[in-house]
There are 2 protein chains.
Amino acid sequence: MSVFKKIVAPRIRLADEVYSQIVDAIHKGDIDARKRIVQEKLASELEISRTPVREALLRLEQEGILEMSGRGGFVIRQIESSEVLEIYQARAAIEGHAIRLLTEQKNTKFIAQIEAIITLEESRDLTTASDYYDANKNIHRSFVERTANRYLLEMFDQMWNRGFSFHLFAAITDDELQKSLGNHHQLCSVMRDGDPAAAEAAMRAHIQNGLDLQLNALAA
Amino acid sequence: MSVFKKIVAPRIRLADEVYSQIVDAIHKGDIDARKRIVQEKLASELEISRTPVREALLRLEQEGILEMSGRGGFVIRQIESSEVLEIYQARAAIEGHAIRLLTEQKNTKFIAQIEAIITLEESRDLTTASDYYDANKNIHRSFVERTANRYLLEMFDQMWNRGFSFHLFAAITDDELQKSLGNHHQLCSVMRDGDPAAAEAAMRAHIQNGLDLQLNALAA
DNA sequence: TTGCTGCTCATTGTATTCAGAATTCACGTA
DNA sequence: TACGTGAATTCTGAATACAATGAGCAGCAA
């Protein structure tokens, strides 16, 4: 029985650090849609060799966030108009099923936790589209997290990462952004009622409203 | 109006070829669970440099198929027992929603196509667990493909790739493998009835049966 | 025999170099 | 001025080299 704890030093790869920086820059909107990310140039900026830069970029390409530009370098992959619907459909599948699973579990502690998170996120001082995106994501993620299903959570993150890399929320007006934070408590009420099918239908309707909001914003 | 066609020569990366070979080898069961895949050694076998080998292996690590062994090299990631349920839950989300979308569309041509695929797959000469896995995957994929939702399809493939990398089907007896091909036509009947909720429930029940079969096999 | 220490080897991650392909630019000609 | 050609530049993919880390093995002492 030692008083010392085993030290687990994760091997940090430079490629992972590069990946995170690129993702953050995309998230903040710091990378213009036509901006080419060139391996050698980015490596010079970061003052590391090209190899980990390349590894990070290839990973982002694999994830569909970036694509290779015909003129060299990688650019942020532009969304096709049909993809908005596809993303929201995929969300309906994931999050609809998540709330169904949670409702079947009838775990009142989970419901209370989710409600606390909703209240917390709604009370934040939100000013940018990115802020609203984060708040919405945190709320929705709080449902999927509680399914304790790593694959649902992984898919959830993939879909929401698409949203931010395509700057979907940036198209929405401030009024509508505020509205985007409404109605989440109602999802918890439906869960409390204990009918899995009704809960799933409520989540699907909620997401459909988000889609309508998104499509209106993109059409304007 | 030229008589010549534009030549599009896809840039084939060695890393992609390595990736495919590893995936095939896993699929065929050619790689033992404890077998370490070492970058330099595999590169020698393939008579290429280590770089594309590394890229392929890192990609497989990222996809959760491989993990780094404490003794160097990569090994096939072993499934935790809870993951079987998680995979089937994720499938219920994806495939349940897919059949719901298809049922809402009431496209009789799609239903006929799916039925033709079911009939074709059932008529194959199937002998190995891998054969049955492929047949089942083709049938289930035929539903998701027709939603024309790239994200649902992408997630579908990810879940099924997990299944084969974990050799889930290999644990099932021959009798039960034959049974695994039953009842797919019934899904089409339910779609024809036109009730999306009923179709989704039928797909979820179908997948739950598959889960039961799988868990029984793993317990034996 | 067992446990500890030091050394060696294996493996990885990163840096650097090389070669090839594609794009861009400059110059010459019609 | 516009178009075509050749050269230069850019960029990528792969190969090679180097350094660091960790695991395994061998030797020695208790």
Side-chain angles (χ1 to χ4, degrees), chain A residues 1-2 4-22 25 31-77, chain B residues 1-2 4-23 25 31-78:
Chain A
M1 207 58 62
S2 171
F4 298 111
K5 285 188 185 175
K6 174 178 162 105
I7 296 178
V8 179
R11 291 181 62 163
I12 311 277
R13 293 178 185 148
L14 289 181
D16 292 335
E17 174 64 27
V18 177
Y19 176 90
S20 294
Q21 284 203 36
I22 296 172
I31 304 184
D32 184 72
R34 283 179 305 276
K35 164 78 176 181
R36 288 186 297 121
I37 304 175
V38 179
Q39 296 177 19
E40 192 64 65
K41 285 180 180 162
L42 182 54
S44 290
E45 273 187 60
L46 300 173
E47 297 189 357
I48 59 174
S49 81
R50 186 158 66 87
T51 309
V53 169
R54 173 181 172 77
E55 283 176 12
L57 290 170
L58 288 183
R59 178 174 159 195
L60 284 160
E61 180 192 39
Q62 196 59 40
E63 292 175 0
I65 307 293
L66 299 181
E67 70 187 349
M68 292 188 77
S69 151
R71 294 156 64 230
F74 292 81
V75 292
I76 301 175
R77 188 171 76 83
Chain B
M1 208 58 61
S2 172
F4 298 110
K5 286 189 186 174
K6 176 177 159 109
I7 296 178
V8 179
R11 294 180 61 165
I12 312 277
R13 292 179 185 148
L14 291 181
D16 292 334
E17 174 64 27
V18 176
Y19 176 89
S20 293
Q21 284 203 36
I22 295 171
V23 167
I31 304 184
D32 184 73
R34 284 179 304 276
K35 165 76 173 181
R36 289 185 300 120
I37 306 174
V38 178
Q39 296 177 17
E40 192 64 61
K41 284 180 180 163
L42 183 54
S44 291
E45 272 187 63
L46 300 174
E47 296 188 359
I48 58 174
S49 82
R50 187 160 61 86
T51 309
V53 169
R54 174 181 171 76
E55 283 176 13
L57 290 170
L58 289 182
R59 178 172 160 195
L60 284 159
E61 182 193 38
Q62 195 61 41
E63 292 176 0
I65 307 295
L66 300 181
E67 69 186 350
M68 291 188 78
S69 152
R71 294 157 63 233
F74 293 81
V75 291
I76 301 175
R77 188 170 77 81
Q78 296 306 295

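We name chains A, B, ... by the order of the sequence lines, and we start the count at 1 in each one.
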Participant: Counting N and O atoms only, with roles assigned by atom type, does the side chain of B:R77 sit under 3.5 Å from a partner on the main chain of B:G64, one being a donor and the other an acceptor?
Facilitator: yes
Participant: Under 3.5 Å between N/O atoms: give me all the protein pairs with nucleotides 7-11 of chain C, atom names plus distance.
Facilitator:
{"from": "C:dT11", "atom 1": "OP1", "to": "B:K41", "atom 2": "NZ", "distance (Å)": "3.4"}
{"from": "C:dT11", "atom 1": "O3'", "to": "B:G73", "atom 2": "N", "distance (Å)": "3.4"}

Participant: For A:L58 and D:dC11, what is the distance between atoms CG and P respectively, to the nearest whole Å?
Facilitator: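 Roughly 16 Å, once rounded to whole Å.
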Participant: Would you tabulate the nitrogen or oxygen pairs shorter than 3.5 Å linking the protein to nucleotides 14-17 of chain C?
Facilitator:
{"from": "C:dT14", "atom 1": "OP1", "to": "A:L14", "atom 2": "N", "distance (Å)": "2.4"}
{"from": "C:dA15", "atom 1": "OP2", "to": "A:S49", "atom 2": "N", "distance (Å)": "2.6"}
{"from": "C:dA15", "atom 1": "OP2", "to": "A:S49", "atom 2": "OG", "distance (Å)": "2.3"}
{"from": "C:dA15", "atom 1": "O5'", "to": "A:S49", "atom 2": "OG", "distance (Å)": "3.4"}
{"from": "C:dA15", "atom 1": "N7", "to": "A:T51", "atom 2": "OG1", "distance (Å)": "2.9"}

Participant: Mind running salt bridge (Lys or Arg N to Asp or Glu O under 4.0 Å) on B:R59 and B:E55 for me, showing each step along the way?
Facilitator: CA-CA 6 Å; B:R59 178 172 160 195; B:E55 283 176 13; over 6 Å; no
Participant: Rounded to whole angstroms, how far apart are CE on B:M68 and C1' on D:dT21?
Facilitator: 11 Å
Participant: Rounded to the nearest 0.5 Å, what's the gap from CZ on B:R36 to CG on B:L66? Could you check?
Facilitator: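 Separation between the atoms: 13.5 Å.
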Participant: Measure the shortest side-chain to side-chain distance between B:R13 and A:L58 over non-hydrogen atoms and say whether it is less than 4.5 angstrom.
Facilitator: yes
Participant: Nearest-Å distance, CD1 (A:I37) to C1' (D:dT10)?
Facilitator: 17 Å
Participant: Just how far is it from atom CD1 of B:I37 to atom CD of B:E45, taken to the nearest 0.5 Å?
Facilitator: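 If we round to the nearest 0.5 Å, B:I37:CD1 and B:E45:CD are 10.0 Å apart.
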Participant: Please assess A:I48 against A:V18 for the test side chain to side chain contact (heavy atoms under 4.5 Å, CB included), listing each intermediate value before the final yes or no.
Facilitator: CA-CA 10 Å; A:I48 59 174; A:V18 177; 3.7 Å; yes
Participant: How long is the straight-line distance from OH of B:Y19 back to CD of B:E63, given to the nearest 0.5 Å?
Facilitator: 3.5 Å
Participant: Atom CG of B:L46 and atom CD of B:Q21: how far apart are they, to the nearest 0.5 Å?
Facilitator: 5.5 Å
